[in-house]
Amino acid sequence: MARTKRQYGAHPLQLLTLLACFAFVGYVISVMGPKQLWNSRVWWQSILVWFLGAILLNDLVLFPLYALADRSLGAGWRAVSGRLPEGSPRVPVVNYLRIPALASGLLFAMFFPGIIQQGSPAYLRATGLTQAPYLDRWLLITAVLFATSAAAYAIRSARVGRRLRHQDETSAPPLGTEHL
């Protein structure tokens, strides 16, 4: 196993997972092929364009922007909140902001055409509905995500504070012996 890891560069389980993913994609293409994909002469070009677009857009453009935004927000938060004394545990707020922001951003990316009402006449003809609720629902879901995250942060902060108070009480000297 060590030799395989040394030659491959990662754990063999990673290689097996990757091969399983490729096999699954091959299966999906073979199942869809006779019905939908093979009817179009450019099916493989569509898959290639989406794949390359995902690689180029996400890895080369968006990921550096994500990292820059994360670093900037982290530095800004540290500048605003200041540093706590050493040894005093605190609940980091960063993941309580990252997770709802990521979920909200993903929902925005998925439903962007509906949120900005792009193709509204075609959507109305196809479904008989308007795209008006998309923006309101996305904003509501975003508010719920951040409210839930804020509640989780408050609960976690209260637990840490309670634990600290309990530790202080148990480590405090008995009454009347402070000055001895």
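Nothing fancy with the numbering, it's 1 onward along the sequence.
- By the side-chain contact (heavy atoms from CB on, under 4.5 Å) test, Leu19 is found to be paired with Leu15, residues two or more places apart in sequence or in another chain being considered.
- In plain terms, the two heavy atoms of Gln131 and Gln117 that are nearest each other are OE1-CA, 3.0 Å.
- Remark: Gln14 engages Tyr8 in a side chain to side chain donor-acceptor pair (under 3.5 Å) (not counting sequence neighbours).
- Residues satisfying the salt bridge (charged side-chain N to carboxylate O under 4.0 Å, His left out) test with Arg98, not counting sequence neighbours, are Asp70.
- Nearest heavy atom pair, residue Phe146 against residue Leu97, reads CE2-O, 4.0 Å.
- With sequence neighbours left out, Pro12 forms a side-chain contact (heavy atoms from CB on, under 4.5 Å) with Met1, Thr4.
- Among residues two or more places apart in sequence or in another chain, the side-chain contact (heavy atoms from CB on, under 4.5 Å) test is passed with Arg125 by Pro121, Ala122.
- Taking Ser104 as the reference, Thr142 meet the side chain to side chain donor-acceptor pair (under 3.5 Å) condition, with sequence neighbours excluded.
- Here the side chains of Arg163 and Val160 are in contact, with some heavy-atom distance below 4.5 Å.
- Residues satisfying the ring-ring contact (aromatic ring centres under 6.0 Å, His included) criterion with Tyr96, sequence neighbours excluded, are Tyr153.
- Every residue two or more places apart in sequence or in another chain that forms a side-chain contact (heavy atoms from CB on, under 4.5 Å) with Thr130 is listed here: Leu124, Ala132, Pro133.
- Members clustered with Ile141: Leu106, Leu107, Phe108, Met110, Phe111, Phe112, Ile115, Ile116, Tyr123, Leu129, Tyr134, Leu135, Trp138, Leu139, Leu145, by chain and number, using a 4.5 Å side-chain heavy-atom cutoff among hydrophobic residues.
- The side chain to side chain donor-acceptor pair (under 3.5 Å) search around Arg137 returns none, not counting sequence neighbours.
- Rounding to the nearest 0.5 Å gives a distance of 10.5 Å between CG of Leu65 and CG of Asn58.
- In terms of hydrophobic clustering, with Ile, Leu, Val, Met, Phe, Trp and Tyr side chains grouped at heavy-atom distances under 4.5 Å, Leu57 and Phe63 are assigned to a common cluster.
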